[in-house]
Amino acid sequence: MSVNLTSAIKEICKFCGNDRTRMMDIVRAVQQQFGQVSDEAMNYIAKCVNCHRVEVESVVSFYVFLSKKQKGGVVIRLCNDVVDKMSGSEVVAEAFEKELGIKFGQTTPDGKITLEYAPCIGMCDQSPAALFNDEIITYLSTDKVKEVVADIKKHYDPSKLKHRLGDGHNADELVHSCVHNNIRNKGRVIFAEFKPEAGLKNALAMSSVEVINEVKNARLRGRGGAGFPTGMKWQFTRGAAGEKKYIICNADEGEPGTFKDRVLLTERADMLFEGMTIGGYAIGADEGILYLRGEYAYLRKFLEKVLADRRSRNLLGKDILGKKGFNFDVRIQMGAGAYICGEETSLISSCEGLRGDPKTRPPFPAQKGYLGKPTSVNNVETLCCVPRVLEMGAAWFVEVGSAGSPSTKLLSVSGDCKQPGVYEIPFGVKVSELLKMVGAEDAQALLIGGPSGQIVGSADFQRTICYDDLATGGAVVVFGPERDMVAVAADYMEFFVEESCGYCTPCRAGNVLLKKYLDKILTGCGEPEDLDILQKLGESVKITSRCGLGQTSPNPVLTTLKNFRKSYETKVKKTTNGMQPTFDIRKAVKGAETIAKRDSVIFVK
Amino acid sequence: MSKPKVATASLAGCFGCHMSVLDIDERILKLIELVDFDKSPVDDIKEFTGRCAVGLIEGGCANEENVRVLQDFRRHCDVLISVGDCATMGGIPAMRNNIPLKECLDEAYLNGPTVYNPSGIIPNDKEIPLCLDKVYPCHEVVKIDYHMPGCPPSADTIWQTLVALLTNKPVDLPYELIKYD
Amino acid sequence: MSDQITFTIDGVEVKGKPGQTILEAADAAGIYIPRLCFMKDLIPHGSCRVCTVFINGRPQAACTQPITEGAIVENDTAELKEHRKNIIDMLFVEGNHFCMFCEKSGNCELQAMAYRLGISAPKYPYLFPKRDVDATHPDILIDRNRCILCGRCVEASRDVDKKTIFEFVGRGADKKVAVNANADLKDTDFKATDKAADVCPVGCIIKKRVGFAIPVGQRKYDTKPIGSDIEAGKK
Ligand SMILES: Cc1cc2nc3c(=O)[nH]c(=O)nc-3n(C[C@H](O)[C@H](O)[C@H](O)COP(=O)(O)O)c2cc1C
Ligand code: SF4
Ligand code: SF4
Ligand code: SF4
Ligand code: SF4
Ligand code: FES
C-alpha cells in the first residue's frame with residue numbers, strides 16, 4: 001500500500017476522530033484527494049475507524065460523487081434534468097464530448113477530466129448548467145463549452161475558471177460563483193426587510209413551550225413537501241425521552257425543478273441559522289446539523305463563515321445572548337449526490353455515516369433519530385419562517401395566505417416561461433395567476449411539486465397552490481404547447497430509476513419496468529393494454545413502496561395518464577396479426593449476420 | 001363435425017416437453033378421440049394442412065428458424081400455448097442472455113474446454129440458421145394465450161389444460177400443478 | 001397500559017401483546033400474511049413489501065408495523081393479492097431464475113409464493129441482468145442471479161454471527177450483496193455453520209455438495225403451499 005495513501009487516510013480519519021459515524025466526511029475527503037476510494041483505501045479506512053471494509057464499500061457505492069474507480073482530477077457533471085434538456089443540454093452534451101474527445105462516463109486518456117451526467121443540480125432557472133467539481137457553470141451553450149473546456153485545460157483547477165459573478169452573495173469572495181439568485185417576487189415573510197436576531201431575542205425571552213406554541217399558532221407547516229405542522233413536530237421531539245436532542249436542517253434540495261433553498265442558503269443564511277437556533281431552544285437541542293447537498297458545495301465556505309461570525313457574536317455557542325444554559329451550535333454535513341437523502345430518515349442515515357437508506361418507521365425521528373436521539377428535521381424555508389414568526393408574532397404571520405395554508409411560499413419556477421426564478425407568493429394563488437406572473441400563459445402543462453408531485457393540464461389551471469389543493473415543496477416546471485408529455489413522464493421516470501435506493505422491491509424494480517413500458521410506447525410499439533399495465537403497475541409501486549420516493553415515483557406516469565391521456569392514446573395501436581410489435585427480427589439477427597458475414601436467408605431484407 | 005386440430009413444435013427446447021405430452025399415457029387415446037394432430041413432430045407432418053384450434057410450443061426462440069416457425073404457428077393457431085419453462089422464459093438456453101453472442105460462439109466452437117475443432121472455424125453454412133442476439137421467450141416474439149409452467153410441465157398439467165381448452169372451460173390449474181421445475 | 005391489544009384482520013378479531021407487529025400477532029392467531037424478507041429471530045426490516053396490508057385504510061408493511069388497539073387490518077383481499085402478485089412478478093424478472101436447475105427449487109420461498117398466488121408466468125418483460133456467481137468458498141456458493149435483496153444474510157451475519165460478512169453495495173437496480181473482502185467469499189471467515197448460511201429464502205447462498213437432496217414430491221412446498229403451517233395453527 002502506498003505510504004502516501006495510508007498516511008493521508010490516517011490523517012483524515014484522525015481529523016474525524018476515527019469516528020465511523022463521520023464516514024461521509026472521511027470518504028468525501030479521500031475521494032477529493034485521490035479521485036477515488038480504492039480497495040486499498042477502503043481497507044485502510046475500515047481499519048482506522050474500526051469497522052468492516054464492506055461497510056465502507058456500502059457507503060462509497062451508494063453516492064454518485066464517490067467512486068471506487070479512478071476519476072479525473074476534474075469531474076464535469078452536466079445536468080440532464082428535463083428542464084435542462086428543454087433548454088438545449090443535449091447539444092451542450094455533444095459539445096462537451098467533442099471538445100474533450102470522450103463520451104459521457106469516460107475519463108480523458110491523460111486521466112485529468114471525467115465527464116458525467118448529473119440529475120437536477122438546482123440550477124433549472126439558469127440551465128443548461130454543469131458542475132466542475134464544486135464549481136457551477138450556468139447558461140451553457142456550444143460556444144461556452146468551447147471556452148470553459150479550453151480554460152480548464154490550462155490549469156485543471158475549477159476554482160480558476162473565468163466567469164462573471166452572480167448577484168448578491170454569489171459575488172462574495174467565498175462563493176465566487178456565476179449563479180444568479182433570480183428572485184422575481186418578494187413577499188412579506190422571507191424576502192422582506194427584517195430585523196436580524198429580533199426573533200431569537202423574543203424567543204429567548206419566552207419559555208421553550210411558549211416558543212412552540214407561537215409556532216403552532218402561526219400554523220407553520222413544513223415547506224419541504226410533506227407539510228407536517230412544524231410546532232407539532234417540535235413538541236413531539238421536545239417531549240420524547242432523552243436528554244440529548246438534535247435539530248437538522250434539510251438542505252438536500254434534490255427534487256427536480258426545486259432551487260429556492262439554494263437562494264435562501266445564499267441570501268438568507270443568517271435567517272436560517274437563527275431559525276435553527278430558535279428550533280434548538282424550542283426542542284432542547286444543543287446541536288444542529290445543516291445537511292447540505294453535495295451539489296451545493298460551492299456555498300460551503302461561505303456558510304462556514306456565517307457560522308463563525310455567529311459564534312463570534314455569541315449567536316451560537318455557550319449561553320447564547322446571555323441566556324444561561326442555552327448552548328447551541330451547528331455543523332455542516334455534506335451530502336454526496338443522492339436524491340433519496342432528502343427523505344428525512346435517509347438523511348439521518350447519511351449523517352450517521354451510512355448508506356442513505358431510509359429507516360423503518362416507527363420509530364419516527366422525533367422519537368429516535370440521529371444516533372438514536374430525538375431529532376427534528378426541518379426544511380430550509382421552514383426554518384427561515386421561524387424567526388419571522390417570533391419577530392412579528394403568529395397573528396401577523398397568518399394574515400396572508402389561505403385558510404388552511406397561512407403565509408407565503410417560495411416557488412422555484414422554470415421551464416417554458418419568460419421569467420424563471422424564485423417567487424414568494426401567498427398561499428392560495430391560482431395557477432392561472434401564477435402563469436401570468438411568470439410569463440407562461442400558453443402553458444400546456446405544469447409540474448407542481450416536482451416529479452413526485454403532479455403534472456396538471458389546463459383543466460386544473462383554476463385550482464390554487466396550497467396544502468389543501470395543489471401542494472408543492474416549491475417546484476413548478478412549465479411545459480409549453482409543443483412538449484410531448486409522455487416523453488416528459490419517461491424522463492422523470494429515468495430520474496427515479498437512477499435515484500431509487502434499491503431497498504424495497506416495488507421501487508427498485510417497479511420503476512425500471514414503468515420506464516420500460518413508457519419507452520415501448522415512445523418507440524411506437526405500445527398497445528392499448530400497456531396503458532392498463534402502466535396504471536396497475538404504478539398503483540402497486542405507490543401503494544407498496546417503503547418510503548416517500550417509491551410512494552410518489554409513479555406520479556409522473558399516473559398523473560399524465562389521467563391528465564394527458566390523449567397523448568398516450570395517439571401513440572398506442574392495437575396489433576391484429578398476433579405478432580409482438582417489440583420484436584425486431586432485424587435487430588435480433590444483426591449480431592449473427594455480422595459474425596457470419598452474410599445476411600439472413602430466412603428473413604430476407 | 002370434424003375434430004379440432006392440434007399442432008406442436010419444439011423450438012429451442014430439449015423435447016422433454018413433448019415427452020411429457022406422450023406421458024399422459026392411456027389418456028393419449030382419449031386425446032386422439034378429441035383431436036387430430038396437424039403439424040407436429042409426433043406425426044411428422046411438416047407443414048400446416050389447415051387452421052388449428054391449439055398450438056403447443058416447446059422451447060424459446062434462439063435462432064431465426066425458431067422465429068419463423070413460431071410466427072407460422074401464430075398465423076395458423078387460434079390458441080397458442082407456451083409449454084414449459086423454455087417457451088415461457090427461455091429456459092436453460094437463455095442462460096446465455098447476458099453474454100454477448102460472439103463470446104458464446106467462441107466458447108462453444110473455439111475456446112470451450114471440451115472443444116475439438118482443429119479447423120478453428122465457427123460453422124457458418126446457409127443451412128444453419130443464424131442465432132438471435134439472445135434467447136427470446138415465445139411471448140416476446142408473438143402473442144401467447146396461455147403459459148404452462150414446468151420443466152417439463154407434468155402430463156397432468158398438459159392434460160388438464162388441453163381438456164379445459166377443448167371443452168371451453170377456464171384453465172385453472174390446482175396448486176400441485178403449478179411448478180417451475 | 002393494558003397488556004392486551006385487540007384488533008381485527010379481515011373482520012376476524014385478533015388479540016396481541018403490546019410491541020408485537022401485525023405479522024407476529026397474525027401468525028399467533030393462525031392467520032397467514034404473505035411475506036418474503038421477514039424471518040423469525042431477525043430484526044424485521046420491510047424490504048420485500050409482500051406483507052403489505054391496509055391498516056385503517058393505509059398501506060403498511062405488516063412485518064414492521066406494531067399493532068394498535070381497534071385497528072382494522074385488511075389482508076386477504078383481491079386488491080392486495082394483485083399487488084403481491086405484481087411484486088413477485090417483479091422479483092422474477094429483475095433476476096435470473098432458472099428454477100429447472102436450481103438446488104433450492106421446491107424449497108424456495110420466492111417460488112413457493114408464486115405458486116401460492118397462482119402465477120403461471122410473470123407478466124413483465126424479463127430483464128436478464130448480468131449478475132455474478134462466487135464459487136470460491138469451499139463450502140458455500142453465492143449465485144447472485146437468484147438474489148432478491150431481502151437482507152436476511154446481511155442481518156444474520158451482522159446481528160447473530162457478529163461477523164458482517166455481507167453488506168449491500170450499489171443502489172437502485174444495481175444494488176447487490178457484497179462480501180467483506182476485496183474480491184471473494186473465500187477471503188472472508190465465513191463458515192457453513194454460520195447462521196447467515198441458513199437464512200437465504202432463495203437459492204442465492206447455498207451449501208455446496210448438497211444438491212438435490214430431497215426427491216421431487218417430498219420437498220417443502222411440493223404439495224403444501226407456503227404459509228400452510230401458520231394456517232394450521234388457526235384458532
Ligand atoms: C424522496 C424524498 C426526497 C425529499 N427531499 C427533500 C428535500 O430535498 N428537502 C426537504 O426539505 N425535504 C425533502 N423531503 C421531505 C423530508 O422527508 C421531510 O419531510 C422534510 O425535510 C421535513 O421538513 P419540513 O417539515 O420543514 O418540510 C423529501 C422526501 C422524500 C420522500
Ligand atoms: S421506496 Fe424503497 S427503494 Fe425506493 S427509495 Fe424508498 S426505500 Fe428505497
Ligand atoms: S422446458 Fe424443460 S423439458 Fe421443456 S424443452 Fe425446456 S428444458 Fe426441455
Ligand atoms: S431461487 Fe427460487 S425462484 Fe429462483 S431459480 Fe431458485 S427456485 Fe427458482
Ligand atoms: S443472498 Fe439471499 S439472504 Fe442475502 S439478500 Fe440475497 S436473497 Fe436475501
Ligand atoms: S415481509 Fe414485510 S416487507 Fe418483507
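Heavy-atom basis, side chains included; hydrogens, waters and symmetry copies ignored. Chain identifiers are assigned alphabetically (A, B, ...) following the order of the sequence lines, protein sequences preceding nucleic acid strands; residue numbering begins at 1 within each chain.
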Lys/Arg-Asp/Glu bridge criterion (N-O < 4.0 Å) met for A:K536, C:E82: no
Could you pull out the closest heavy-atom pair between A:G502 and C:K175, with the gap in Å? O-CD, 3.2 Å
Side chain from CB out, backbone as N, CA, C, O: work out which of these in C:Q60 comes under 4.5 Å of a heavy atom of chain A, or both, or neither. neither
Answer yes or no: is there an ion pair linking C:R171 with A:E499, defined by an N-O contact shorter than 4.0 Å? yes
Please give me the minimum heavy-atom distance between A:V54 and C:I165, naming the atom from each residue. CG1-O, 4.5 Å
Which portion of A:Y517 sits near chain C, non-hydrogen atoms under 4.5 angstrom: side chain
So what's closer than 4.5 Å to chain C heavy atoms on A:V541: side chain, backbone, both or neither? side chain
So for A:I340, is it side chain, backbone, both, or neither that comes closer than 4.5 Å to the heavy atoms of chain C? neither
Of A:D39, A:T544, A:T582, the largest count of non-hydrogen pairs under 4.5 angstrom with chain C goes to A:T544
Bottom line for C:T52: the part with an atom under 4.5 Å from chain A's heavy atoms is side chain
Can you tell which of A:S540, A:P362, A:S500 has the highest number of heavy-atom pairs within less than 4.5 Å of chain C? A:S540
Counting only heavy atoms not in C:D132 (residues, nucleotides, ligands), do more than 12 fall under 6.0 Å from its CG? yes
Measure distances from A:A46 to the heavy atoms of chain C and classify the residue's part below 4.5 Å as side chain, backbone, both or neither. neither
Chain C interface, residue from A:K516, A:R361, A:R355 that has the most non-hydrogen pairs under 4.5 Å: A:R355
Nearest atoms (heavy-atom pairs only) where C:F168 meets A:S58: O-CB, 2.8 Å
Closest non-hydrogen contact found for C:F54 with A:I543 is CZ-CG2, 4.0 Å
Identify which part of A:Q551 has an atom lying under 4.5 Å from any heavy atom of chain C, answering side chain, backbone, both or neither. neither
Starting at CG of C:N182, measure out to CE of A:M42 and round the result to the nearest 0.5 Å. 7.5 Å
Side chain, backbone, both or neither of C:N86 within contact of chain A (heavy atoms, under 4.5 Å): side chain
